[in-house]
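Just so you know, these numbers come straight off a predicted model, no measurement behind them.
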Amino acid sequence: MKKSLILFFVFAGWIANAQTRTIKVDYTKTAGKLNTMFKECIGAGRANEGLRADWQQQLAMVKKECDFKYIRFHGLLTDDMAIYREDEKGNPEYNYQYVDVLFDYILSLKMKPFVELGFMPSALASGKETIFWWKGNVTPPKDYKKWEDLIKNLTAHFTERYGVEEVKTWYFEVWNEPNLSPGFWSSTQEEYFKLYDYAVRGVKSVNKDYKVGGPATAGAAWVPETIEFCQKNNVPIDFISTHTYGVKHGYLDEFGTSGTILNKDDSSVSGEVINSRKQISESAKPNLELHYTEWSSSYTPADPIHDSYHSAAYILQKLKQVGNAANSMSYWVFTDIFEEAGPRFTPFHGGFGLLNTQGIKKPAYFSYYLMNKLGETELQNTDSSSWVSKNEKGDVQLLFWDFTNTHPGDKVLNQTYYIQDLPSKSKGNIKIELNNLQKGNYNLEIYKVGYKVHDVYADYLAMNKPAQLNREQVNTLKEKNKDCLLSTEKIKIDSKGTFNKEIAINENDVYMFRFVKQ
């Protein structure tokens with residue numbers, strides 16, 4: 001009798017904990033045009049890396065499958081791009097041969113540059129402080145007039161090569177994370193504002209309609225101060241840019257040695273974006289565009305969460321939470337061809353990239369791949385972890401996920417936690433109810449990313465984590481993760497126009513149901 005009673009309570013407890021989440025949508029009830037801020041911009045490491053064949057090949061694939069519009073990177077003005085030097089009399093000499101190769105390629109993909117103006121050419125620098133393996137100089141210019149002239153000459157070159165109407169569509173962002181001093185800027189906020197002022201003069205002297213902004217800060221800093229400076233001093237500003245990352249413990253950790261912890265706060269990342277929008281709306285320039293030109297789960301290129309299946313659901317959750325608060329959310333970055341800490345020695349090292357060095361797709365990649373499959377029109381939907389959309393052909397797309405922050409808390413670092421095999425637990429069922437669909441035959445494509453499903457890090461663990469991948473291993477991992485399509489079936493929607501399905505979902509699963517009308 002006692003045993004039966006215990007079994008009853010166990011069963012009753014399981015029933016109480018089982019969750020059924022309902023996604024109920026009417027095909028005829030629209031919410032307007034789908035906001036595609038998630039694919040407006042993507043990050044990359046530095047300009048010189050963009051001259052590599054493998055970088056360019058990966059970007060072409062990312063553009064084709066994820067359709068990012070802009071790309072942003074550091075180091076445009078750094079010495080390895082050979083833009084600036086001075087003759088023996090101190091006269092500036094400009095050279096854009098490397099820049100032209102890179103920008104020509106970007107535009108050939110029908111992408112646009114989000115131009116970050118930095119770091120300081122050594123011949124123009126006032127000091128020797130640098131950052132990263134590739135030694136980006138982070139000091140103010142020794143001569144602000146020469147800084148202004150460099151920016152003016154560069155902008156005029158872009159105009160001559162690509163045309164006024166094209167360059168009007170670009171963004172010029174002054175520097176990167178000047179609030180991290182020492183680090184990305186060797187001086188003060190006041191000195192940064194001076195740098196910004198002279199850079200704006202350089203750009204706007206070529207064409208007043210070119211878009212310039214900043215302050216490109218870490219941690220959503222300096223937004224009110226930047227607007228106030230521009231307002232008081234009559235300095236143009238066309239947009240605000242700043243950055244946010246979803247971990248605790250400071251901002252700059254290029255080698256990943258201090259350790260990171262995924263923030264348990266549900267509003268991490270999104271809360272900062274929404275607050276930045278609020279700061280702008282309450283300022284003297286309430287209509288400025290807001291561009292988050294860097295964001296990710298973690299600010300170090302040595303954080304295994306970037307390789308984990310958890311990242312796919314994390315990306316979707318944060319972008320959904322941001323909503324309309326930002327004009328763009330530029331994920332940092334598209335590839336692990338990224339050398340801030342120097343060339344990396346292992347194929348999966350927690351790099352920022354959606355792709356690893358060999359161009360193998362991580363789970364994070366598929367978030368953007370699937371979002372790019374959404375239709376132009378969003379449908380009304382009260383579920384907070386999904387998008388439902390349709391296109392002009394009558395196709396319907398349902399992208400849904402579970403995000404569960406399974407990180408155990410402040411005593412465990414990401415660098416210890418996310419390198420493990422981390423099985424996902426059940427989160428109950430999802431009940432899908434679609435109404436008033438167009439009658440007809442459809443191919444139903446089901447995509448999935450989750451634990452050991454299009455989960456390249458799990459595949460890598462199963463290979464016993466080789467320090468180097470041979471050609472066969474690369475091909476095996478690429479083939480297993482070339483797509484995240486799980487199955488395709490033919491279905492018929494009758495005159496009632498309904499589709500109902502219930503499926504089990506686990507922690508951090510990502511699904512897309514794509515109804516393709518025949």
Side-chain angles (χ1 to χ4, degrees), residues 45-47 72-81 83-86 90 92 115-155 171-204 212-245 250-254 276 279 291 293-294 299 340:
R46 82 182 195 276
R72 173 190 180 265
F73 38 77
H74 302 323
L76 181 65
L77 308 181
T78 303
D79 287 351
D80 61 5
M81 290 302 286
I83 276 183
Y84 182 91
R85 69 182 182 186
E86 295 180 357
V115 184
E116 179 196 305
L117 298 173
F119 294 111
M120 196 61 62
S122 60
L124 186 53
S126 61
K128 296 187 180 301
E129 293 94 329
T130 65
I131 193 167
F132 302 140
W133 172 76
W134 41 270
K135 299 192 184 309
N137 189 290
V138 296
T139 68
K142 65 183 182 184
D143 182 325
Y144 273 93
K145 183 65 171 65
K146 286 183 176 180
W147 165 253
E148 178 186 337
D149 289 346
L150 168 60
I151 302 307
K152 179 179 179 179
N153 192 279
L154 175 66
T155 307
Y171 293 86
F172 291 86
E173 180 186 40
V174 182
W175 214 254
N176 178 74
E177 299 191 346
N179 61 318
L180 297 190
S181 179
F184 285 105
W185 182 237
S186 68
S187 193
T188 61
Q189 183 187 79
E190 182 182 20
E191 195 77 16
Y192 169 73
F193 288 154
K194 184 177 180 181
L195 183 87
Y196 177 86
D197 186 5
Y198 277 82
V200 173
R201 293 183 203 181
V203 173
K204 296 283 189 179
V212 192
T217 40
W222 293 9
V223 172
E225 296 93 327
T226 301
I227 297 171
E228 183 181 6
F229 167 79
C230 292
Q231 177 71 11
K232 281 185 175 179
N233 296 281
N234 200 27
V235 176
I237 186 166
D238 300 299
F239 63 91
I240 286 292
S241 65
T242 188
H243 307 156
T244 184
Y245 290 91
Y251 297 119
L252 180 58
D253 182 20
E254 59 185 290
S276 295
Q279 289 175 329
H291 295 275
T293 50
E294 290 183 26
Y299 52 73
E340 287 183 356

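- Screening Glu173, Glu116, Glu294 against Ser241 for a side chain to side chain donor-acceptor pair (under 3.5 Å) leaves a single residue, Glu173.
- No donor-acceptor distance shorter than 3.5 angstrom exists from the side chain of Lys145 to the backbone of Tyr198, with no hydrogens or angles considered.
- The shortest heavy-atom contact between Pro236 and Tyr196 is O-OH, 2.9 Å.
- Checking side-chain atoms of Thr217 against main-chain N and O of Asn179 turns up no donor-acceptor pair under 3.5 Å.
- Partners of Asp80 by side chain to side chain donor-acceptor pair (under 3.5 Å), not counting sequence neighbours, listed by chain and number: Arg46.
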Just distance, no hydrogens or angles: give the donor-acceptor pairs under 3.5 Å from side chains in residues 220-230, sequence neighbours left out.
residue : atom : partner : partner atom : Å
Thr226  : OG1  : Trp222  : O            : 2.6
Glu228  : OE2  : Lys232  : NZ           : 3.0

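- Across all non-hydrogen atoms, the minimal contact from Trp147 to Leu77 is CZ3-CD1, 3.7 Å.
- Not counting sequence neighbours, the partners of Trp175 by the ring pair (Phe, Tyr, Trp, His ring centres under 6.0 Å) test are Phe119, Trp185.
- Every residue two or more places apart in sequence or in another chain that forms a side chain to side chain donor-acceptor pair (under 3.5 Å) with Thr139 is listed here: Asn137.
- Proximity of a side-chain donor or acceptor of Asp197 to a complementary backbone N or O of Val235 within less than 3.5 Å is not detected.
- Evaluation of the salt bridge (Lys or Arg N to Asp or Glu O under 4.0 Å) test over residues 119-131, restricted to residues two or more places apart or in two chains, returns none.
- Residue Phe239 comes nearest to Val212 through the heavy atom pair CE2-C, 3.4 Å, listed as atom of the first residue, atom of the second, then distance.
- Applying the side chain to side chain donor-acceptor pair (under 3.5 Å) test to His291 and every residue at least two apart in sequence or in another chain returns Glu289, Ser328.
- Counting heavy-atom neighbours within 6.0 Å of Asn233 CG, excluding the residue itself, gives a total above 12.
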